[in-house]
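Heads up: numbering here begins at 1 and tracks the sequence.
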Amino acid sequence: MSRRRPSFDETYMEVVDVIARRSTCLRKKVGAVIVVDRRILSHGYNGVVSGEAHCCDTGICLKEQAGREDYKPCVHAEQNAICLCAKRGLAVKGGTLYVNADICVTCAKLIVSCEIARVVVRRDYKGSDEGIDFLRRYGVQVDLWPPPSV
């Protein structure tokens, strides 16, 4: 008896969960994977910028300590994945981004600007709908994970 092979979406969402385990955030473990032509180009997880003390090492959430959203040293998983492609000179246009948490407006703007065509998101409902609404307004296909049962 043969087993059903997982779909690409299933496979990449599992990879997202593995990548999220690398997160240094005390509040939420987020992972992201960017795929072009069914191949992983990049991945990212949320944490502070290079050279900063990691929250998981200090036991202090630097976002809460900063007290201001615009000062926080945290970089989102989606941002890290996109930045890695930029550092490597890899184009993400037309690709798919997989992520295991709600998308903020800042990340949504980056996704639109990079011309990523599709986002697969496992909503955590800790954010708002603004990021997803922004993506859809600018023509990015947003698929919720897991897909609704038929």
Distance (rounded to the nearest 0.5 Å) between M13 CE and R122 CZ: 4.0 Å

Check G44 against A81 and note the closest heavy-atom contact, atom names and distance. N-CB, 3.8 Å

Hey, does S42 have a side-chain heavy atom less than 4.5 Å from the side chain of V33? no

Judged by atom type as modelled, is there a donor-acceptor pair below 3.5 Å linking the side chain of Y12 to the main-chain atoms of R38? yes

Here the pair of heavy atoms bringing L26 nearest to C61 is CD1-N, 3.7 Å

Aromatic plane relationship, H43 with Y45 - under 30° parallel, 30 to 60° tilted, over 60° perpendicular: parallel

Please answer whether the main-chain N or O of S7 pairs with a side-chain N or O of E10 as donor and acceptor at a distance below 3.5 Å. yes

CG (L97) and SG (C114) are apart, to the nearest 0.5 Å, by 9.5 Å

Would you kindly confirm whether W145 and V35 end up in one hydrophobic cluster when ILVMFWY residues are joined by side chain heavy atoms under 4.5 Å apart? yes

Smallest separation among heavy atoms of G31 and A20, with atom names: N-CB, 3.5 Å

Over all heavy atoms of both residues, which pair between T58 and A53 is shortest? Give the atoms and the distance, please. CG2-CB, 3.7 Å

For residues V30 and A101, report the shortest heavy-atom separation together with the two atoms involved. CG2-CB, 3.8 Å

If we only count heavy atoms from C-beta on, is the E78 to V119 side-chain gap below 4.5 Å? no

Side-chain donor or acceptor of D102 paired with backbone N/O of S128 under 3.5 Å: no

Roughly how far, to the nearest 0.5 Å, is CD1 of I40 from CZ of F8? 10.5 Å

Using a 4.5 Å cut-off on heavy atoms from C-beta on, say whether the side chain of V16 contacts that of V99. no

Transitively linked via ILVMFWY side-chain contacts under 4.5 Å: V112 with I132? yes

Heavy-atom closest pair, residues T24 and V48: OG1-N, 3.8 Å

Same cluster for V121 and Y138 if Ile/Leu/Val/Met/Phe/Trp/Tyr side chains link at under 4.5 Å? yes

Would you say the side chain of V92 lies within less than 4.5 Å of the side chain of I82, judging by non-hydrogen atoms? no

May I ask you to test the R118-Y98 pair for a side-chain heavy-atom distance under 4.5 Å? yes

Applying a strict under-4.5 Å side-chain criterion to I, L, V, M, F, W and Y, I'd like to know whether I19 and I34 cluster together. no

Around atom CZ of R137, are there more than 12 heavy atoms of other residues, nucleotides or ligands at under 6.0 Å? yes

If I take atom SG from residue C104 and atom CG from residue L110, how far apart are they, to the nearest 0.5 angstrom? 8.0 Å

Are side-chain heavy atoms of D129 and R123 found at a separation under 4.5 Å? yes

Got more than 12 heavy atoms from elsewhere within 6.0 Å of CD, E130? no

Hey, mind stepping through V140 and F134 against side chain to side chain contact (heavy atoms under 4.5 Å, CB included) and telling me if it holds? CA-CA 9 Å; V140 177; F134 187 92; over 6 Å; no

May I ask you to check whether over 12 heavy atoms, not counting those of D57, lie within 6.0 Å of atom CG? yes

Is the shortest side-chain heavy-atom distance between C107 and Q79 below 4.5 Å? yes

Are the side chains of D124 and N100 in contact, using a 4.5 Å heavy-atom criterion? no

Answer yes if I116 and L84 sit in the same cluster of Ile, Leu, Val, Met, Phe, Trp and Tyr residues linked by side chain heavy atoms under 4.5 Å apart, and no otherwise. no

Gap separating the CG atom of N46 from the NZ atom of K29, nearest 0.5 angstrom: 7.5 Å

